[in-house]
Colleague: 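The structure follows.
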Amino acid sequence: MIDQKSFSAPLLSWFADQARDLPWRRNYDPYQVWISEVMLQQTQMDRVLGYFQRWIARFPDVQALASAREDAILASWEGLGYYTRARNLHRAARYVVERLGGELPQEHASWLALPGVGPYTAAAVCAIAFNQPHAVVDANVGRVFARVFDLDTPVKERTARDFIAEHALRLTPPGQARHFSQALMELGALVCLPRRPRCSFCPLHDLCEARRLDIVLERPVPAKAVTYIPIDVATGVLMAGGLIYIQKRPTTGVWAGLWEFPGGTIEGAETPEQTLIREYMEETGFRIDNLRKLAVIRHGYTKYRVALHCFCCHLPDNTPQTPPILTAAQEFRWVSPKELDHFAFPAGHRKLIDQTFAGGGFCTE
DNA sequence: GAAGCGTGGGT
DNA sequence: TACCCAAGCTT
């Protein structure tokens, strides 16, 4: 079995040389480490950096986050996806301020108790911010270990997970948890890549069993493939008097708490226009007319691949602007095109906004 | 354990 | 184009 020093020494040396200069690595402020870890869940570094800088400027510490409004938090998160993460950050910050005297915990178990903090994030924050030894196992580390130890089952399965966690902890040198845990993830992100591994640059080259057997691309063993479901959806920008109707989604489910234009899935033999008229009636009680096609926007979320059929639409003359019913939203507003920037929208709807109102407003009649 | 929860970039 | 991929958590 590989011993601690022969594994960690070349890895730490590589990390000291190759680690990226990331904002939270300047002083390892626990708040910044926490935010970065949550932002990085299920996404990649390049995508996060801009969001992180804007977030820290706007919510520089846990007190600022706790006292922020949820709409402002979601607006700062718009485009990152998995919006429950942002709502849980808000809940956790309020808990820390109200129950923990505004001090972030330093105990692994206390972190685990915060909303949105699971096994990975609790271990990562304690290792990276406080230099405590924990097994910090993300998808990168899973891939590195699957290759170095030639694991022949998917890394998400129990036996492989337990093996990886056990050895990640065993191989952590005393007093080096901060650097060791990051080095493993950094190696997975920069060298031990999924499809184009750069084995000739790898500090673990001589230890790697998959490399020795020349089966690096066969590790890790893939989990069951996801099947995607194509759907057609209709949505419409309702205009009246230069203002736009928007509504806030429920507190649970997909895009919880985000704002959107009404619409829904095209059923059976419906045309997109028929769907939109039906959905407006079901969701708001508005009887829309004068539909005009704007665009078809393609995007995906979770297991769905969406063709979003977009319209501009209006209300008949003398229609009251308060929706008679509101079955798919917490609240509604009429806003100017400029004000749309202050609300968080799902990515598909934001694309629609960018296309429709680029250059000062097209659909304003 | 499985499913729900987003998004954009790479190949 | 059509996949595949990513520093996970919750229910």
Side-chain angles (χ1 to χ4, degrees), chain A residues 19-20 22-25 32-52 74 77-89 91-92 111-129 134-144 154-159 161 168 178 181-190 192-197 217 220 222-230 249-258 260 297-308 344-351:
Chain A
R20 287 169 291 188
L22 303 173
W24 51 90
R25 285 180 178 165
Q32 295 196 9
V33 172
W34 174 39
I35 299 301
S36 73
E37 287 302 334
V38 174
M39 278 190 175
L40 283 161
Q41 289 171 16
Q42 299 292 281
T43 188
Q44 288 162 332
M45 187 65 70
D46 288 349
R47 185 124 183 77
V48 160
L49 286 174
Y51 283 92
F52 179 84
L74 286 173
W77 202 270
E78 187 197 270
L80 264 184
Y82 292 127
Y83 296 93
T84 297
R85 292 183 294 166
R87 294 150 53 80
N88 279 337
L89 279 175
R91 290 173 55 204
W111 277 99
L112 212 45
L114 295 179
V117 176
Y120 167 77
T121 305
V125 171
C126 287
I128 296 170
H134 291 282
V136 183
V137 182
D138 68 345
N140 287 307
V141 178
R143 187 170 56 254
V144 170
V155 293
K156 296 235 174 193
E157 285 185 12
R158 186 61 180 274
T159 52
R161 243 186 20 230
R178 166 177 291 160
S181 58
Q182 292 185 94
L184 271 178
M185 293 190 279
E186 198 89 337
L187 188 71
L190 298 181
C192 197
L193 299 169
R195 309 214 213 173
R196 292 277 184 273
L217 290 179
K224 194 181 67 174
V226 185
T227 54
Y228 292 100
I229 303 168
R249 292 181 61 88
T251 56
T252 58
V254 67
W255 300 306
L258 272 68
E260 66 173 3
I297 291 171
R298 297 186 185 280
H299 70 113
Y301 69 96
T302 66
K303 62 182 178 179
Y304 299 104
R305 292 299 170 263
V306 180
L308 185 64
F345 287 84
H349 287 223
R350 178 57 71 187
K351 288 178 193 169

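Naming: A, B, ... by sequence-line order, numbering from 1 per chain.
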Colleague: Give the nucleotide from the list B/dA3, B/dT7, C/dG8 with an atom nearest to the side chain of A/Asp138.
Modeller: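 Nucleotide nearest to A/Asp138's side chain: C/dG8.
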Colleague: For DNA chain B, whose closest nucleotide is more 5', that of A/Arg158 or that of A/Arg305?
Modeller: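 Final value for this comparison: A/Arg158.
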Colleague: Does a distance-only test, which skips hydrogens and angles, find a donor-acceptor pair under 3.5 Å between the side chain of A/Tyr82 and the base of B/dG6?
Modeller: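 Counting by modelled atom types and ignoring angles, a donor-acceptor contact under 3.5 Å is found here.
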Colleague: Indicate whether OP1 or OP2 belonging to B/dC5 is found under 4.0 Å from a side-chain N or O atom of A/Lys303.
Modeller: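 Checking B/dC5 against A/Lys303, no side-chain N or O comes under 4.0 Å of OP1 or OP2.
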Colleague: For A/Gln182 and A/Arg25, which I'm curious about, is there any donor-acceptor pair between the side chains at under 3.5 Å?
Modeller: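 A/Arg25 and A/Gln182 do have a side-chain donor-acceptor pair below 3.5 Å.
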Colleague: Any base atoms under 4.0 Å from A/Leu258, or only sugar-phosphate, or nothing? Heavy atoms, all strands.
Modeller: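 Here A/Leu258 touches no strand at all.
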Colleague: Can you tell me how far C1' of C/dC4 sits from CG of A/Leu193, to the nearest Å?
Modeller: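 My rounded result for the distance is 14 Å.
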Colleague: Quick check on B/dG8: is either OP1 or OP2 less than 4.0 Å from any side-chain nitrogen or oxygen of A/Tyr301?
Modeller: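 No.
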Colleague: Please state the C1' separation for the pair C/dG8 and B/dG1 - nearest whole angstrom.
Modeller: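 Per the computed distance, 16 Å lies between those C1' atoms.
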Colleague: Evaluate the side-chain contact (heavy atoms from CB on, under 4.5 Å) criterion for residues A/Arg87 and A/Leu74: first the C-alpha distance (whole Å), next the side-chain angles of each, then the deciding distance (0.1 Å), finally the verdict.
Modeller: CA-CA 7 Å; A/Arg87 294 150 53 80; A/Leu74 286 173; 4.1 Å; yes
Colleague: If I take atom CD1 in residue A/Ile229 and atom P in nucleotide B/dG6, what distance separates them, rounded to the nearest angstrom?
Modeller: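 So the two atoms are 15 Å apart, to the nearest Å.
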Colleague: Over how many whole Å does the gap from A/Tyr228 atom OH to B/dC5 atom P extend?
Modeller: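 Computing the A/Tyr228:OH to B/dC5:P distance gives 14 Å.
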Colleague: Give the nucleotide from the list C/dG8, C/dT10, B/dG8 with an atom nearest to the side chain of A/Lys351.
Modeller: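 Closest nucleotide to the A/Lys351 side chain: B/dG8.
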Colleague: In terms of the nearest nucleotide of DNA chain C, which residue is placed more toward the 5' end: A/Thr84 or A/Ala225?
Modeller: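 Of the two residues, A/Ala225 wins.
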Colleague: Between B/dG8, C/dC5, C/dG8, which one does the side chain of A/Thr121 approach most closely?
Modeller: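 Out of B/dG8, C/dC5, C/dG8, the nucleotide with an atom closest to A/Thr121's side chain is C/dG8.
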Colleague: In whole angstroms, how far is the C1' atom of C/dT10 from the CG atom of A/Leu89?
Modeller: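 Spelled out: CG on A/Leu89 to C1' on C/dT10 is 15 Å.
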Colleague: Under 4.0 Å from OP1 or OP2 of C/dA6: is there any side-chain N or O of A/Arg143 that close?
Modeller: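 Looking at the OP1 and OP2 atoms of C/dA6, one of them is under 4.0 Å from a side-chain N or O of A/Arg143.
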Colleague: For A/Tyr120 and A/Glu37, test the side chains for any donor-to-acceptor distance below 3.5 angstrom and give the result as yes or no.
Modeller: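 Side-chain D/A pair, A/Tyr120 to A/Glu37: present.
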Colleague: Please pick, from B/dT7, B/dG1, B/dT11, the nucleotide with the shortest atom-to-atom distance to any side-chain atom of A/Arg196.
Modeller: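 Of the options given, the side chain of A/Arg196 lies nearest B/dT11.
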Colleague: For the side-chain contact (heavy atoms from CB on, under 4.5 Å) test, which of A/Cys126, A/Pro119, A/Ser181 pairs with A/His134?
Modeller: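 Checked A/Cys126, A/Pro119, A/Ser181 against A/His134; only one passes side-chain contact (heavy atoms from CB on, under 4.5 Å): A/Cys126.
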Colleague: Regarding A/Arg91 and A/Asn88, do their side chains bring together a donor and an acceptor under 3.5 Å, going by distance alone?
Modeller: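 Short answer, yes.
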Colleague: Ignoring hydrogens and angles, tell me if any N or O in the side chain of A/Glu260 forms a donor-acceptor pair with the backbone of A/His349 under 3.5 Å.
Modeller: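 Absent.
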Colleague: Which one, C/dG8, C/dC5, B/dT7, comes nearest to the side chain of A/Arg195?
Modeller: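 For A/Arg195, the side-chain atoms sit closest to C/dC5.
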Colleague: Taking the side chain of A/Pro346 as heavy atoms from C-beta outward, which of B/dT7, C/dA6, B/dG1 is closest to it?
Modeller: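 Of B/dT7, C/dA6, B/dG1, B/dT7 is nearest to the side chain of A/Pro346.
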Colleague: Map A/Leu114 and A/Arg25 onto DNA chain C by nearest heavy atom, then report which one ends up closer to the 5' terminus.
Modeller: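 The residue closer to the strand's 5' end, by nearest nucleotide, is A/Arg25.
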Colleague: Between C/dT10 atom P and A/Asn88 atom CG, what is the distance in whole Å?
Modeller: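 Between P of C/dT10 and CG of A/Asn88: 6 Å.
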Colleague: Output yes when at least one side-chain N/O atom of A/Trp255 is less than 4.0 Å from OP1 or OP2 of B/dG4, else no.
Modeller: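 Answer is no, no contact under 4.0 Å.
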Colleague: C/dA6, C/dC9, B/dT11: which one has an atom nearest the side-chain heavy atoms of A/Gln44?
Modeller: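 In terms of side-chain proximity for A/Gln44, the closest of C/dA6, C/dC9, B/dT11 is C/dA6.
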Colleague: If we take the P atom in both B/dC5 and C/dC5, what is their distance in whole Å?
Modeller: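 These two P atoms come out 22 Å apart once rounded.
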Colleague: Nearest-Å distance, CG (A/Leu190) to P (C/dC5)?
Modeller: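 Rounding to the nearest Å, CG of A/Leu190 and P of C/dC5 are 18 Å apart.
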